[in-house]
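Notes follow the structure.
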There are 2 protein chains.
Amino acid sequence: MTVTLADVAARAQVSPATVSRVLNGNYPVAASTRERVLRAVDELDYVLNGPASALAAATSDLVGILVNDIADPFFGIMASAIQAEIGGPGGRAGGERLAVVCNTGGSPERELTYLTLLQRQRAAAVVLTGGAVEDQPHAAAVAAKLRKLTEAGTRVVLCGRPPAPDTRAVALTFDNRGGGRQLTEHLIGLGHRRLGYIAGPEERTTTRHRLEGHRAALAAAGIEEDPRWTVHGRYDRRSGYEATLELLRRDPSLTAVVAANDSVALGACAALRESGLRIPEDVSVAGFDDLPFSIDAVPSLTTVRLPLAEAGARAGRIAMGREEPPPGEIATVRGELMVRGSSGVPRR
Amino acid sequence: MTVTLADVAARAQVSPATVSRVLNGNYPVAASTRERVLRAVDELDYVLNGPASALAAATSDLVGILVNDIADPFFGIMASAIQAEIGGPGGRAGGERLAVVCNTGGSPERELTYLTLLQRQRAAAVVLTGGAVEDQPHAAAVAAKLRKLTEAGTRVVLCGRPPAPDTRAVALTFDNRGGGRQLTEHLIGLGHRRLGYIAGPEERTTTRHRLEGHRAALAAAGIEEDPRWTVHGRYDRRSGYEATLELLRRDPSLTAVVAANDSVALGACAALRESGLRIPEDVSVAGFDDLPFSIDAVPSLTTVRLPLAEAGARAGRIAMGREEPPPGEIATVRGELMVRGSSGVPRR
DNA sequence: AGCCGCACAGCAAGCGCTTTCTACGCAAGA
DNA sequence: TCTTGCGTAGAAAGCGCTTGCTGTGCGGCT
């Protein structure tokens with residue numbers, strides 16, 4: 001027995017149409033009438049029925065944000081920035097949108113299901129964050145979905161994700177390749193010649209690009225890479241710990257370990273320390289992302305800072321139509337090398 | 001020009017009613033008919049109109065998760081666990097719900113606005129995580145809102161938040177007081193008598209409870225507390241850094257620093273180190289929560305582990321009606337003291 | 001004085017789905 | 001053979017809102 005528009009109308013002695021117009025503020029209503037309506041709304045504690053409104057108006061105030069792992073600050077920071085711009089509540093009037101964060105857990109199926117769910121809700125916009133899975137059929141399915149969404153008027157923005165061709169989706173891509181290369185060049189510059197690499201999960205764009213950057217740096221320096229120097233794992237600390245032990249087992253003469261991201265790097269540090277190796281005297285370590293805790297590691301982590309919050313904010317604004325998309329609908333966001341205590345001259 | 005139920009019905013040569021029933025699977029439909037309908041759905045790429053469906057059925061598949069700060073893993077971990085149970089996609093059939101994470105940024109207004117938005121969407125359930133703001137009028141407003149929600153059939157669960165009386169909301173409360181007490185007792189047991197405390201923002205239940213636990217331990221040990229030993233800040237690293245410098249300035253003879261949470265503790269460690277103090281030889285440090293990175297600090301952090309993921313999962317299940325609420329609608333979740341390298345015998 | 005146009009307000013037709021109630025056909029029981 | 005009843009499908013009445021179009025009253029114009 002909830003209160004409806006009609007109840008409010010009756011109480012304010014006006015027609016439902018008028019109440020609707022007062023609430024939406026998109027049609028002239030005499031001040032006195034508005035006043036009366038607003039009072040009735042208040043007295044009856046009326047709350048608009050979202051679905052009904054969305055149905056009639058054929059629009060919705062939902063904005064979806066897809067992330068791979070909400071427990072990872074990498075995504076949390078971006079999501080936070082995006083949501084702040086979406087305005088959730090607090091944004092300028094008229095833009096009261098419900099920004100919803102959907103956690104795909106990195107699973108292609110869930111990603112697709114969430115997209116369908118958002119499509120079903122006729123979401124106003126969708127922001128996809130983080131690397132994409134490189135499985136061909138899945139990529140095609142996602143692309144098809146995105147195309148459908150844009151066709152239906154949903155704005156689609158990719159944040160920290162490679163462009164999706166033929167989808168009209170705006171892409172803010174992180175320069176993972178460039179960042180990876182800078183990082184490894186830095187280590188090579190210090191004199192390292194035997195570098196281990198702990199990569200993320202295979203079949204992920206982020207993983208591949210960072211690794212490619214690393215290899216490009218090696219190649220440019222004329223260093224021939226030993227296949228034993230690369231190990232794949234997940235993007236978490238645990239994985240870094242285990243992978244490092246594995247690397248050490250394979251080749252104890254490594255003088256540097258480059259990790260897929262900061263969490264992995266932290267795990268690597270732990271493993272090295274437990275193996276009795278000092279950082280950076282015995283082995284240098286480098287991460288990626290520059291998450292807040294990275295500066296607190298001991299020694300603090302050499303890494304590549306990605307402007308997560310800035311990129312997220314921009315993606316949010318574009319999704320809201322408050323900022324022009326970049327020319328060509330694609331922009332590359334660069335990382336910045338942060339040289340800190342965990343990298344140093346190799347032991348000899 | 002989107003495809004509607006009627007289009008599918010026409011194509012499958014059945015009535016819209018039948019299509020609806022096939023899609024919802026809540027009514028007997030002959031296998032051959034179902035087959036035909038499903039094929040039509042597929043061929044037309046039909047996607048159900050969420051708002052329309054929600055309107056007609058007077059139910060929704062939205063579940064809201066309110067968090068104070070999505071960029072903080074404390075909330076990220078809980079949100080992730082909750083969402084996994086909500087099923088989002090991937091949950092068992094029939095329960096395909098859209099779990100949405102709403103970031104309040106700790107602001108009472110936004111919290112309220114989000115609740116209204118969820119109420120407007122006729123959310124199936126709402127989970128509020130983390131400490132509440134202790135502002136009286138605001139607390140009353142939230143309580144009123146929660147009451148409205150439960151009355152409207154929305155299940156409300158509080159996770160890591162104190163019970164809200166008279167709201168029929170289920171509460172899984174963290175024993176912040178007990179955890180705080182254990183932690184400080186541990187330090188006292190090591191011989192500390194001069195302990196600094198970096199508290200969270202005032203007017204927050206979590207802040208107050210942890211501090212009360214700390215003070216209870218001091219009182220029980222007959223230690224008289226110096227008002228200079230407590231500093232308030234935010235729940236982030238930066239705040240811990242600054243507060244520690246302040247504490248050191250006020251009383252350089254402190255032998256231990258207890259922080260409101262792990263991030264703050266990390267900031268404290270950084271400040272101590274920069275001040276030339278060794279941990280734990282010169283000053284012991286303790287955190288709270290036991291977030292993943294805490295074990296990687298050097299030395300690793302003594303803290304109180306809160307079963308964030310477990311509590312979140314349980315909250316999620318209760319919200320979905322898949323688990324019985326605890327007796328009395330209230331359960332207390334205890335923390336576990338994790339003694340690690342950052343705490344030791346005080347310098348003399 | 002007569003007419004026009006403007007500023008508001010109401011009517012009513014949907015929006016696309018769910019669900020109750022009714023209709024139909026057929027097999028089984030009387 | 002006639003009635004029951006079950007298994008299925010359809011007709012149609014909304015769900016609560018938005019919005020194009022249709023009034024209505026009044027001030028200003030000629």
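Values below: every heavy atom of this structure, side chains too, minus hydrogens, waters and symmetry copies. By convention in this document, chain letters (A, B, ...) are assigned in the order of the sequence lines, proteins followed by strands, and residues within each chain are numbered from 1.
Defined by atom type and a distance below 3.5 Å, a donor-acceptor pair is present between the side-chain atoms of Thr18(B) and Ser15(B).
A sub-4.0 Å separation between OP1 or OP2 of dG10(C) and a side-chain N or O of Ser15(A) is present. A close approach under 4.0 Å does occur between a side-chain nitrogen or oxygen of Ser53(A) and OP1 or OP2 of dT18(D). The side chain of Asn24(A) places no N or O atom within less than 4.0 Å of a non-bridging phosphate oxygen (OP1 or OP2) of dC17(D). One finds a side-chain N or O of Ser20(B) lying less than 4.0 angstrom from the OP1 or OP2 phosphate oxygen of dT18(C). Contact annotation: Thr18(A) does not reach the phosphate of dA9(C) (side-chain N/O to OP1 or OP2, under 4.0 Å).
When the C1' atom of dT8(D) is taken as reference, atom CZ of Arg34(B) falls 12 Å away, rounded to whole Å. With rounding to whole Å, Arg122(A) atom CZ is found 9 Å from dG16(C) atom C1'. Between Asn49(A) atom CG and dC15(C) atom P the separation is 18 Å, expressed in whole Å. Taking atom OH on Tyr46(B) and atom P on dG16(C), their separation rounds to 10 Å, with Å as the unit. Atom CG in Leu55(B) sits roughly 17 Å away from atom P in dA13(D) (whole-Å rounding). The distance from atom CD of Gln121(A) to atom P of dG16(C) is 15 Å, rounded to the nearest whole Å. Counting to the nearest Å, the C1' atom of dT18(D) and the CG atom of Leu48(A) are 10 Å from each other. Atom CG of Leu5(B) is separated from atom C1' of dG16(C) by 7 Å (rounded to the nearest Å).
Toward the 5' end of DNA chain C, the nearer of the two residues Ala31(A) and Ala17(A), judged by each one's closest nucleotide, is Ala31(A).
Residue-to-nucleotide contacts include a donor-acceptor pair under 3.5 Å from the side chain of Tyr27(B) to the base of dA9(D). A donor N or O paired with an acceptor N or O is found under 3.5 Å between the base of dG20(D) and the side-chain atoms of Arg21(A).
Among dT8(D), dT18(D), dT18(C), the nucleotide with an atom closest to any side-chain atom of Ala57(B) is dT18(C). In the set dA11(D), dG16(C), dC17(D), dC17(D) carries the atom at the smallest distance from any side-chain atom of Ala52(A). Between dG20(D), dG14(D), dA9(D), one nucleotide has an atom nearer to the side chain of Ala56(B) than all others, and that is dG14(D).
The environment of CD in Glu134(A) is crowded: more than 12 heavy-atom neighbours from other residues, nucleotides or ligands sit within 6.0 Å.
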| request: For side-chain contact (heavy atoms from CB on, under 4.5 Å), just list the numbers for Asp7(B) and Tyr46(B), CA-CA rounded to whole Å, side-chain angles, deciding distance to a tenth of an Å, and then say yes or no. | output: CA-CA 9 Å; Asp7(B) 299 331; Tyr46(B) 170 68; over 6 Å; no

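With rounding to the nearest 0.5 angstrom, the CZ atom of Arg161(A) is 7.0 Å from the OG1 atom of Thr205(A). Remark: Asn68(A) CG to Asn103(A) CG distance equals 8.5 Å, nearest 0.5 Å.
Using a 4.0 Å heavy-atom distance criterion, Asn26(A) is classed as a sugar-phosphate-only contact.
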